[in-house]
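Some notes on the structure that comes next.
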Amino acid sequence: MIRIFCLFCFVLMLQLVLAMAERRWVGYNVQRQILDEEAVDEMAEKSESKVVLSVILYIFRCSGPRLKSCLLDSIPVLSWLPRYPVKDNALSDLISGISVGVMHLPQGMAYALLAAVPPVFGLYSSFYPVLIYFIFGTSKHISVGTYAVMSVMIGSVTEQLAPESNFMQWDNGTNTSIVDETAMNKERVKVAAAVTFLSGLFQILLGLVRFGFVVTYLSEPLVRGYTTGAAIHVIVSQLKYTFGTNPLRHSGPLSLIYTVLEVSYLIPKTNVGTLVVSVVTIIGLMLAKQLSVYLNKKLPVPIPVELLTIIIATIISWQVGLEQKYGVDVVGDIPSGLQPPVLPDATVLGQVIGNAFALAVVGYGMVISLGRIFALKYGYKVDSNQELIALGLSNSIGGIFQCFAISCSMSRTMVQHSTGGKTQVAGALSAMVILFITLWIGHLFEELPKAVLAAIIYVNLSSMMKQFTDIPALWKTNRVDMLIWVVTFILTLLLNPDLGLAASIGFSMLTVIFRTQLPKYSLLGQVPNTDIYRPVEDYNQVRQVPGILIFRCSATLYFANAEMYQDALAEKVRTHTHTHTHTHTDINVCPLTLKSGTDTQRYIVQMSSHHFLLSFLQFNFLFNPPPPSFLPPFFRLLFCHVSLG
């Protein structure tokens, strides 16, 4: 009985294997009539529903649950704060908020110099917008506030509309022209607040019309090339604080080159005391940051290197008298308290529309890019449109309180994450730290040298300089992306961050068009013993399926590349025919119909006296080579879409 049972099992398994093999190698013959789009709509009875009207009615319908849902979506803090787990998150958010808050102090003051406004306005920009984002933002981990790239874009606007030459006064005592810094700073703050307010309005408008997808046009190579070029602008703008000189401010295209030449010309007039302070601070910061990285795993919180630096530098400057004895430029008066709200100057708004839109796009791109990284890591969703609204409210309300445009900072975000921050409560607590500093202890930093703030900027931007390693990496993976990176970097250097961004996006769009104009056409073959297909010209072991020619195009088929497509198809068929028959065959590919979108494309391929109908959908196609001469001269091949691995 056991032998009979084993024999029965063996026969059953053998039949199963044979059935599977037969099923694998079975031939398929699919036959149906050729249909155009109108015939399909008629057969399927396409509905004539008024889609637009239905969408409008859905948007404007009102009910109790829908009103509640809209309210919670518009003000996300109302949905998550009542359910905030105090026992689980309170302590970690507290530690993280204090750590980020002490970083806001030096970065806010330093980036205010980039924006060409007094340092105290960097503290304001680290307070009001952070609280607004806490209420309306959807990302739990990013740290919004002052950001180097945004600050230098603001600075280019403020120094262009309020240059030093407009505030020169004659000093009878020294018989020289001096700058009325009080009037100049007041005007520059007005310009910075106006462009910030307008950029916030742009972001709110884009969010309301659900324009969050605009960030998809900012590819990663474009963003990284742009931020690298903007970092160079930041570094050059701080050279005057490093050398203690006062070069003329240049604006417009090639202003970076003119500024470098001006600074180089003024090097013989360098203030030695300022240069020594800069060099010592840079070396000390770099060594301290390396020590912090080494001790990072052993300490519960990272060492506040920048905070310790400005405290030590302020004490030394105060005790030694760097300003009086050596002429080292210091921060100066820092008023206590907060500024009252002031509406932006309407006369300035019309002059900064382009700059404001560039700020809106760049700031949003930084926020959503970093926010999505942490959202993907921790399994929650970041609403791109709500992020636009949150950032827009932060900037527009911040502009009323004389802040300058903010975005997301990579360094502060990493500190907030590494110190255990789990929600935006950490961001709100960091704002409270800045409020405490602004109200009570801000005046203690009046003796801080500006060269120290410039050194902090240099060291913080060192990570952006590492992005140059993208070039060899992209050369190996995608040379078009490498070209976008390099061109974006060069355009940003030559045209300034605002015009450079617009030109870079235009160039990126051109590469998309060229990719559709110059796609890769290939014949596919099967990898042995698999259902995977690869180009036969790229692989040695790939073999074409006998009796079938598989043609693939890497780009979307539309009117601009239709003619090139049919030429490439004819060339591939001609090459394949010559390879397999060694005889000359005239091939003409004539389009029957060519429609846009996802409509099926159909071509007549004429080879000698035989006619074949080639019908294809999506971008993988099947084509049979010419049949033997004993078959009828006309026959039809119907093709179905094949999923190729």
Side-chain angles (χ1 to χ4, degrees), residues 107-126 129 145-168 179-202 230 233-241 246-253 255-256 258-259 262 329 331-332 339 342-360 362-363 395-396 398-407 450 453-454 457 495-501:
Q107 290 190 1
M109 298 176 70
Y111 294 159
L113 296 182
L114 295 178
V117 296
V120 68
F121 290 92
L123 301 183
Y124 300 153
S125 301
S126 301
T146 56
Y147 181 56
V149 175
M150 302 287 289
S151 298
V152 76
M153 293 176 69
I154 289 284
S156 65
V157 181
T158 55
E159 294 187 349
Q160 179 182 354
L161 297 183
E164 290 184 354
S165 58
N166 292 355
F167 304 94
M168 300 298 293
V179 179
D180 185 358
E181 293 192 1
T182 302
M184 182 183 68
N185 289 335
K186 183 178 179 180
E187 184 65 23
R188 288 183 173 180
V189 168
K190 185 188 300 184
V191 173
V195 70
T196 299
F197 176 80
L198 188 57
S199 70
L201 293 184
F202 276 130
H233 278 276
V234 172
I235 292 173
V236 171
S237 68
Q238 296 303 293
L239 292 178
K240 62 181 181 180
Y241 299 114
N246 191 23
L248 296 176
R249 172 67 183 183
H250 300 277
S251 60
S255 61
L256 181 75
Y258 295 142
T259 303
E262 182 76 15
D329 195 12
V331 169
Q339 295 289 322
V342 178
L343 289 177
D345 189 352
T347 60
V348 179
L349 295 179
Q351 305 177 55
V352 296
I353 293 177
N355 304 97
F357 187 79
L359 282 168
V362 174
N395 281 323
S396 57
I400 295 175
F401 286 94
Q402 301 181 12
C403 303
F404 55 85
I406 57 96
S407 185
K450 292 183 178 180
L453 297 178
I457 293 172
L495 302 180
N496 287 350
D498 46 2
L499 294 178
L501 176 64

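Expressed to the nearest 0.5 Å, how far CG of L349 lies from CG of L201 amounts to 8.0 Å. Note that CG of L359 and CE of M150 are 4.5 Å apart. Values are rounded to the nearest 0.5 Å. Separation of atoms CD (Q339) and OH (Y124) is listed at 4.0 Å; rounding is to 0.5 Å. Remark: T158 OG1 to N185 CG distance equals 10.0 Å, nearest 0.5 Å. Separating the CG atom in L123 from the CD atom in Q107 is a distance of 12.0 Å, to the nearest 0.5 Å.
For the pair N246/E164, a side-chain contact is recorded, criterion being any heavy-atom separation below 4.5 Å from C-beta on. Taking 4.5 Å as the limit, every side-chain heavy atom of Y147 sits out of range of all side-chain heavy atoms of I406. Within the 4.5 Å cutoff, the side chain of I154 has heavy atoms near those of the T196 side chain. Side-chain contact between F357 and I353: absent, with no pair of heavy atoms (C-beta onward) separated by less than 4.5 Å. Counting heavy atoms from C-beta on, the side chains of N395 and F197 never come closer than 4.5 Å. In this structure, P253 and N496 have side chains that are not in contact, with every pair of non-hydrogen atoms separated by 4.5 Å or more. Between P344 and L198, every side-chain heavy-atom pair lies at or beyond the 4.5 Å cut-off. Proximity of I400 to V342: side-chain heavy atoms (C-beta onward) are nowhere separated by under 4.5 Å.
Looking only at distances, a side-chain donor or acceptor of S125 sits under 3.5 Å from a matching main-chain atom of F404. For S126 (side chain) and T146 (main-chain N/O), no donor-acceptor pair under 3.5 Å exists by modelled atom type. Looking only at distances, no side-chain donor or acceptor of S199 sits under 3.5 Å from a matching main-chain atom of A356. R188 places no side-chain N or O within 3.5 Å of a backbone atom of E159 that could act as its donor or acceptor partner.
For A112 against P119, the heavy-atom pair with the smallest separation is CB-CA, 3.6 Å. Nearest approach of V152 to S237, heavy atoms of both residues: CG2-OG, 4.4 Å. Contact between S156 and M153 at its shortest, heavy atoms only, is OG-O, 2.7 Å. Of all heavy-atom pairs between A193 and G399, the closest is CB-O, 3.4 Å. Between M184 and A162, the shortest heavy-atom distance links the atoms CG-O, 4.3 Å. The heavy-atom pair separating I457 from A110 by the smallest distance is CD1-O, 3.3 Å.
Residues passing the salt bridge (Lys or Arg N to Asp or Glu O under 4.0 Å) test with E262, sequence neighbours excluded: none. In this view, I235 and Y458, L461, M465 satisfy the side chain to side chain contact (heavy atoms under 4.5 Å, CB included) rule, not counting sequence neighbours.
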Test Y241 against K450 for side chain to side chain contact (heavy atoms under 4.5 Å, CB included), laying out the working first.
CA-CA 6 Å; Y241 299 114; K450 292 183 178 180; 3.7 Å; yes

Q | Step-by-step side chain to side chain contact (heavy atoms under 4.5 Å, CB included) determination, V331 to L453 | A | CA-CA 9 Å; V331 169; L453 297 178; 4.0 Å; yes

Inset, instruction - Would you sort out whether V234 and V149 count as a side chain to side chain contact (heavy atoms under 4.5 Å, CB included), showing the intermediate values? - result: CA-CA 7 Å; V234 172; V149 175; 5.7 Å; no

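More than 12 heavy atoms of other residues, nucleotides or ligands sit less than 6.0 Å from atom CZ of F167.
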